Amino acid sequence: MSQQLPANIPAALFNERADAIADAARELAQHGWTPATSSNFSMRVDADHAAITISGRDKGKLGRADIMLVDMQGKAVGTASRPSAETELHTQVYRRWPDVNAVLHTHSRTQSVASRLFAKDGVIKLEGWELQKAIRGHTTHEDVLDLPVFPNTQHMPELVAQVDAWIDGGKPLHAYLINGHGIYTWGRDMAEARRHLEALEFLLACELDLRRLTS
């Protein structure tokens, strides 16, 4: 379906964001992190809008036509296409952090298993791993990087409220897992979001290996 852009959003800007999302999605799909059309990806377009993947599309085959515009309440703008059911989790990040410009959500096997294994604790405490320094604001392996695991629900306002409660409690948040689901992470640009995602995928795999080898 065609995308009608608001007059204040240049087509070139939207197309640039759409191409960046599609490129990242295809590469992440090659890792096996987006099975069965799962996962969703977005980029900020301006203060009031974001570009995001259309629901149900194969993330390994995305093109510009598979990306749509939404407002910061997660509503479609200028198209009859349907955004991901989890769009509100993307727009929440953009509303909370004006310097964030890309949000990535994937469903790798590692992320999904870790989310189940640590769900009862509600958090995965990453400590002692050198690659923690790949996460913005972390400068030493001696830091503790808390990765919360929120209960899964199909009611998005409930998930949004859980994330808001964590942030409003004064706890740093760079990413989170949803139980039996996958991971959300973000960055100031697509490159930083990709770095965070890849680092956390590696760190979660290390935690799972450590648990298996020492149990």
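Computed from a predicted model, the values in this text were never measured in an experiment.
In the hydrophobic clustering of ILVMFWY residues, with side-chain heavy atoms under 4.5 Å counting as a link, Ile52 and Met190 come out apart. With hydrophobic clusters built from ILVMFWY side chains whose heavy atoms lie under 4.5 angstrom apart, Phe150 does not share a cluster with Leu117. Both Ile183 and Leu28 are part of a single hydrophobic cluster, where members link through side-chain heavy atoms under 4.5 Å apart. Leu173 and Ile135 fall into different hydrophobic clusters, where Ile, Leu, Val, Met, Phe, Trp and Tyr side chains are chained together by heavy-atom contacts under 4.5 Å. By the rule that hydrophobic residues join a cluster once side-chain heavy atoms approach within less than 4.5 Å of another member, Leu208 and Leu131 end up as members of one cluster.
Contact between Thr87 and Gly74 at its shortest, heavy atoms only, is CG2-CA, 3.6 Å. When every heavy atom of Ala20 is checked against every heavy atom of Met43, the shortest pair comes out as CB-SD, 3.6 Å. Of all heavy-atom pairs spanning Val70 and Pro83, the tightest one is CG1-CB, 4.0 Å. Considering every non-hydrogen atom in both Pro148 and Ala175, the closest pair reads CD-O, 3.5 Å. Of all the heavy atoms in Pro157 and Glu88, the pair that sits closest is CG-OE1, 4.3 Å. For Ala114 against Leu204, the heavy-atom pair with the smallest separation is CB-CD2, 4.1 Å.
For the pair Pro151/Gln162, a side-chain contact is recorded, criterion being any heavy-atom separation below 4.5 Å from C-beta on. In this structure, the side chains of Tyr94 and Val45 stay at 4.5 Å or more apart for every pair of heavy atoms. At a threshold of 4.5 Å between non-hydrogen side-chain atoms, the residues Asn179 and Phe118 do not count as touching. Contact check for Leu200 versus Leu126: side-chain heavy atoms found under the 4.5 Å cut-off. Looking at heavy atoms from C-beta onward, His107 lies in side-chain contact with His181 at the 4.5 angstrom threshold. Side-chain contact between Glu27 and His31 is absent, with no heavy atoms from C-beta onward closer than 4.5 Å. With contacts defined as side-chain heavy-atom distances shorter than 4.5 Å, the pair Leu147/Leu177 qualifies.
Remark: the backbone N or O of Glu127 is paired with a side-chain donor or acceptor of Gln132 at under 3.5 angstrom. Looking only at distances, a side-chain donor or acceptor of Thr185 sits under 3.5 Å from a matching main-chain atom of His174. A donor-acceptor contact shorter than 3.5 Å links the side chain of Asp66 to the backbone of Gly63. A donor-acceptor pair under 3.5 Å links the side-chain atoms of Lys59 to the main chain of Thr37, judged by distance alone. Put simply, the side chain of Asp143 never gets that close to the backbone of Leu145: no donor and acceptor are under 3.5 Å apart. Put simply, the side chain of Thr153 gets close to the backbone of His155: a donor and an acceptor are under 3.5 Å apart. Side chain of Arg136 to main chain of Gly187: no donor-acceptor pair is present (N/O by atom type, distance under 3.5 Å, no hydrogens or angles). Formation of a donor-acceptor pair under 3.5 Å by the Trp97 side chain with backbone atoms of Gln92 is not found in this model. A donor-acceptor pair under 3.5 Å is formed between the side chain of Thr53 and the backbone N or O of Phe41. In this structure, the side chain of Asp46 engages the main chain of Asp48 through a donor-acceptor pair within 3.5 Å.
At a cut-off of 3.5 Å, with distance as the only test, a side-chain donor of Glu86 or Tyr184 sits close to an acceptor on the other residue. With 3.5 Å as the limit, one finds a donor-acceptor pair spanning the side chains of Glu207 and Trp129. The closest side-chain donor-acceptor pair between His90 and His105, if any, does not fall under 3.5 angstrom.
A 6.0 Å sphere centred on CZ of Arg82 holds no more than 12 heavy atoms belonging to other residues, nucleotides or ligands. Residue Arg116 places its CZ atom among 12 or fewer non-hydrogen atoms of other residues, nucleotides or ligands, all under 6.0 Å distant.
The CH2 atom of Trp186 lies 11.5 Å from the CG atom of Asp99; values are rounded to the nearest 0.5 Å. Atoms CZ and CD1, from Phe14 and Ile9 in turn, are 8.5 Å apart once rounded to the nearest 0.5 Å. Atom CG of Leu159 is separated from atom CD of Gln154 by 8.5 Å, given to the nearest 0.5 angstrom. Summarising the geometry, atom CG belonging to Leu104 is positioned 6.0 Å from atom CG belonging to Leu197; distances are rounded to the nearest 0.5 Å. Within the model, atoms CD of Glu130 and CZ of Phe202 stand 10.5 Å from one another, a figure rounded to the nearest 0.5 Å. With rounding to the nearest 0.5 angstrom, the CG atom of Leu62 is 11.0 Å from the CG atom of Asp19.
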Q: Verify side-chain contact (heavy atoms from CB on, under 4.5 Å) between Asp146 and Lys171, making sure each step is shown before the conclusion.
A: CA-CA 9 Å; Asp146 283 344; Lys171 303 172 184 178; over 6 Å; no
Q: Would you check, one step at a time, whether the test salt bridge (Lys or Arg N to Asp or Glu O under 4.0 Å) holds for Arg195 with Asp189?
A: CA-CA 10 Å; Arg195 189 183 78 233; Asp189 54 28; over 6 Å; no
(Q) Please evaluate residues Arg17 and Ile67 with respect to the criterion side-chain contact (heavy atoms from CB on, under 4.5 Å), reporting the C-alpha separation (whole Å), side-chain torsions for both, the decisive distance (0.1 Å), and the verdict. (A) CA-CA 9 Å; Arg17 298 292 193 269; Ile67 312 300; over 6 Å; no
Q: List the steps and the verdict of side-chain contact (heavy atoms from CB on, under 4.5 Å) for Asp121 and Val149.
A: CA-CA 8 Å; Asp121 301 322; Val149 184; over 6 Å; no
**Q.** Leu69/Thr79 under side-chain contact (heavy atoms from CB on, under 4.5 Å): CA gap, chis, key distance, verdict
**A.** CA-CA 8 Å; Leu69 194 71; Thr79 179; 5.9 Å; no
